[in-house]
Participant: 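Below: one structure in structure tokens.
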Amino acid sequence: MNLSRPDRLARLDALAASYALGTMPARARARLAHVARTDTVVAATIRTWEQRLSPFAEAAPPITPPPRVWKRIALRLGLDAVRPSERGPWWSRLGLWRGLAVASFVAVAALGTTLWMQQQRADEPIVVVLAGQDARPALLATLDRNSRVMTVKTVGGAPVPADRALELWMLPEGAPPRSLGVLPASGVGRVTLPALPDVAFANVPALAVSLEQSGGSTTGAPQGPVLYTGRVERFY
Amino acid sequence: MAVTSPQDRNARVGALLARVALGDQAAFAEFYEVTSSHLYGVALRILRDGPAAEEILQEAYVNVWHHAASYEAAKSQPMTWLTSIVRNRCLDQLRRREIDTISLTPDDDDAAAYDPPSDAMTPGEMLLAGAAARSVRDCVETLDAGPRQAIALAFYQGLSHAELATHLRQPLGTVKSWVRRGLERLKSCLDRAGFGRDA
């Protein structure tokens, strides 16, 4: 059947509508999709219906997929093979966050709040925006006040080489950094705090992320360069 | 809460796609960040099966990485293009699944496995919410309650005519004509309002 002939156009339009809406049964779907591959009129009629229905698709509430989806995609495509720009010699381990200009902090905090709003995670009112020296957010850590599990999401920063790992540290006032564990190279990771945030962060104004060998630092202190730091912000 | 408008998102996604077509990995990661929760929502509502929805998403993104250059901006909006890829894959799978299981009697295991996303909105409300533009909303509101609900359930949750008939407790012929006439009415109304023409 030549669906593109003028006398068939009304029929084609009904078929395309049923295809785009989704009610068309399996075999008819397969047939129409097959025809559309070579028949531009059929393809365009389907596209027009998809476009017509697109305002409705926009309205469906988004649902965040599990982090493993991105990990599998990155793994299949070999995306971790990029080398980040080389960093200089490593910076001081302690108090690095204090060195950043106040203006940067304000900018980062504002960006962080925006990012956090975009997450629509009003149930996670503790936010740490981890940024490099350029004050651009690289990681976003969010946490519920009543949970020990912190979500850390990659929002920027340099790609992590395959043989390296990002390690997250608490920077307690007047004490050495304390590791919170190794983060995934991209996507979303989760780390568990030693205690609930009000206790765990009582004396911890900031977090830092260092670049380590895969598996993380072996000494209990950062061995590699500190890439990102961020102040612990509480929105409650 | 302020939400990025569809136009803004389309512009951003379009720009990212152009960079993805050049093999830009950072752009691809950002593209995933911007689009994945929308697409996962679409897939999960239709398939009602987390692992299957994840699988479809992975395939779709792997394909986008390899074939981003085949996206033709002149023919469709980027989000429409992407959503259609994912919806069509989900619907293909869902409709095939129905053929595979047609001889089996429905049992309680299936009912237990049915785990629709806990949306705050019903499909009918989503349809209206999608009609953010006044003219689109007017078009949706010209539909009677029955056709409106049938179209919303088919569109968001992938219900077939037979499932619609069961769900809405109407004869099969009635829901088929609801859907057909509802779509015809939407089309003429949307086209009058300037929607649905070639993007």
Side-chain angles (χ1 to χ4, degrees), chain A residues 10 13-14 16-30 33 43-44 46-66 68-70 72-82 114 117-118 120 122 153-159 186-187, chain B residues 1 6 25-26 28-29 32-33 36-38 40-42 44-46 53-54 57-58 61-62 65 75-77 79-80 83-84 87-88 91-92 95-96 98-99 117 119-121 126-127 129-133 136 151 154-156 158 160-161 164 179-180 183 186-187 190 195-199:
Chain A
D13 197 64
S18 160
Y19 181 89
L21 182 68
T23 42
M24 182 174 267
R27 261 190 245 161
R29 278 190 72 75
I46 292 175
R47 248 193 337 263
T48 301
W49 264 107
E50 289 171 344
Q51 194 65 41
R52 215 172 255 140
L53 297 175
S54 67
F56 306 118
E58 290 284 348
I63 303 172
T64 305
R68 60 178 169 269
V69 176
W70 171 253
R72 286 178 190 153
I73 293 166
L75 193 70
R76 272 182 60 180
L77 297 175
L79 296 187
D80 281 343
V82 199
T114 312
M117 296 292 280
Q118 284 171 1
Q120 305 186 6
K153 185 173 184 181
T154 306
V155 295
S186 60
Chain B
M1 175 171 301
Q25 300 195 0
F28 185 61
Y32 179 87
E33 281 293 316
S36 59
S37 55
H38 171 69
Y40 188 63
V42 166
L44 195 57
R45 275 185 203 93
I46 293 177
E54 290 174 30
L57 232 63
Q58 281 165 45
Y61 279 98
V62 167
W65 174 252
K75 288 190 176 169
S76 48
Q77 296 287 334
M79 282 312 293
T80 306
T83 306
S84 299
R87 281 193 83 241
N88 285 329
L91 289 164
D92 288 344
R95 294 286 167 263
R96 273 203 308 271
E98 283 157 11
I99 290 181
D119 281 323
M121 282 195 273
M126 287 181 205
L127 198 67
V136 179
I151 288 175
F155 186 71
Y156 290 112
S160 65
H161 285 135
L164 288 173
V179 169
R180 194 185 66 246
L183 287 173
L186 264 186
K187 179 194 172 188
L190 289 171
F195 284 84
R197 303 256 166 72
D198 287 334

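In what follows, chains are A, B, ... by sequence order, proteins preceding strands, each numbered from 1. Worth saying up front: this structure is predicted, and the values here are computed from it rather than measured. The figures that follow rest on heavy atoms only: side chains count, while hydrogens, waters and symmetry mates do not.
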Participant: Just so I know, are the side chains of A/Ile73 and B/Phe28 near enough to count as touching, which here means a heavy-atom distance under 4.5 Å?
Facilitator: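 SC-SC contact between A/Ile73 and B/Phe28 confirmed.
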Participant: Got B/Leu91 and A/Tyr19 here, is their nearest side-chain heavy-atom distance under 4.5 Å?
Facilitator: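 B/Leu91 vs A/Tyr19: side chains apart.
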Participant: Is there a side-chain contact between B/Leu186 and A/Arg52, using heavy atoms and a 4.5 Å cut-off?
Facilitator: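 In short, these two side chains do not touch, never coming nearer than 4.5 Å.
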Participant: What distance do B/Gln77 atom CD and A/Ser54 atom OG have between them, rounded to the nearest 0.5 Å?
Facilitator: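 The OG atom of A/Ser54 is 7.5 Å from CD of B/Gln77, to the nearest 0.5 Å.
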Participant: Go through B/Ser37, B/Ser84, B/Ala53 and name the one with the most non-hydrogen pairs under 4.5 angstrom from chain A.
Facilitator: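 Ranked by heavy-atom pairs under 4.5 Å with chain A, first place is B/Ser37.
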Participant: How are the rings of B/Tyr32 and A/Trp70 set relative to one another: parallel (under 30°), tilted (30 to 60°) or perpendicular (over 60°)?
Facilitator: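 It falls in the tilted class, 30° to 60°.
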Participant: Which pair of non-hydrogen atoms, one from B/Asn88 and one from A/Arg29, has the smallest distance, and what is that distance?
Facilitator: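 Where B/Asn88 meets A/Arg29 most closely, the heavy atoms are OD1-NH2, 3.1 Å.
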Participant: B/Val179 versus chain A, heavy atoms under 4.5 Å apart: side chain, backbone, both or neither?
Facilitator: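 Only the side chain of B/Val179 comes within 4.5 Å of chain A.
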Participant: So which of A/Ala20, A/Pro66, A/Ala17, A/Ala14 has the biggest tally of heavy-atom pairs under 4.5 Å with chain B?
Facilitator: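 The residue among A/Ala20, A/Pro66, A/Ala17, A/Ala14 with the greatest pair count is A/Pro66.
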Participant: Which heavy atom in B/His38 sits nearest to a heavy atom in A/Ala57, and how many Å separate them?
Facilitator: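 That closest heavy-atom pairing would be CE1-O, 3.1 Å.
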Participant: Taking the side chain as every heavy atom from C-beta outward, state whether A/Val69 and B/Tyr61 have any atom pair closer than 4.5 Å.
Facilitator: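 A side-chain contact under 4.5 Å is absent here.
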Participant: Just by modelled atom types, is the A/Phe56 backbone N or O under 3.5 Å from a matching donor or acceptor in the B/Tyr156 side chain?
Facilitator: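 Yes; judged by distance alone, with no hydrogens or angles, the pair exists.
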Participant: For the interface with chain A, which of B/Ser160, B/Gly158, B/Ala154, B/Ala26 has the highest count of heavy-atom pairs at distances below 4.5 Å?
Facilitator: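 Winner by heavy-atom pair count: B/Ala154.
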Participant: Are A/Asp13 and B/Lys187 packed together at the side-chain level, in the sense that at least one heavy-atom pair is separated by less than 4.5 angstrom?
Facilitator: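 Yes, at least one pair of side-chain atoms sits under 4.5 Å.
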Participant: Tell me yes or no: between the side chains of A/Glu50 and B/Thr80, is some donor less than 3.5 Å from an acceptor?
Facilitator: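 There is no such pair (donor and acceptor under 3.5 Å, judged by atom type) between the side chains of A/Glu50 and B/Thr80.
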Participant: Pick from A/Pro65, A/Ala30, A/Gly22: which one has the most heavy-atom pairs with chain B under 4.5 Å?
Facilitator: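 Top option by heavy-atom pairs under 4.5 Å: A/Pro65.
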Participant: With the side chain counted from C-beta on, respond yes when B/Gln25 and A/Leu77 share a heavy-atom pair under 4.5 Å apart, and no when they do not.
Facilitator: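 Of all side-chain heavy-atom pairs linking A/Leu77 with B/Gln25, none is under 4.5 Å.
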Participant: Any ion pair linking B/Glu54 and A/Arg72 (charged N to carboxylate O, less than 4.0 Å)?
Facilitator: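 Between B/Glu54 and A/Arg72 there is a salt bridge, with a charged N closer than 4.0 Å to a carboxylate O.
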Participant: Under a 4.5 Å heavy-atom cutoff, which of B/Asp92, B/Thr83, B/Ile46 has the most pairs with chain A?
Facilitator: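 Most heavy-atom pairs under 4.5 Å with chain A: B/Asp92.
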Participant: Can a donor-acceptor pair be found, under 3.5 Å and without considering hydrogens, that links the side chain of B/Arg87 to the backbone of A/Leu21?
Facilitator: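 Confirmed, B/Arg87 side chain pairs with A/Leu21 backbone.
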Participant: Measure the shortest side-chain to side-chain distance between A/Leu53 and B/Phe155 over non-hydrogen atoms and say whether it is less than 4.5 angstrom.
Facilitator: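 Contact flag for A/Leu53/B/Phe155 side chains = yes.
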Participant: How far apart are the closest heavy atoms of A/Pro25 and B/Arg95, and which atoms are they?
Facilitator: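 Scanning both residues, the minimum pair turns out to be CA-CD, 4.1 Å.
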Participant: Would you compute the distance between atom CZ of B/Arg96 and atom CZ of A/Arg27 and round it to the nearest 0.5 angstrom?
Facilitator: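 So the CZ of B/Arg96 and the CZ of A/Arg27 are separated by 13.0 Å.
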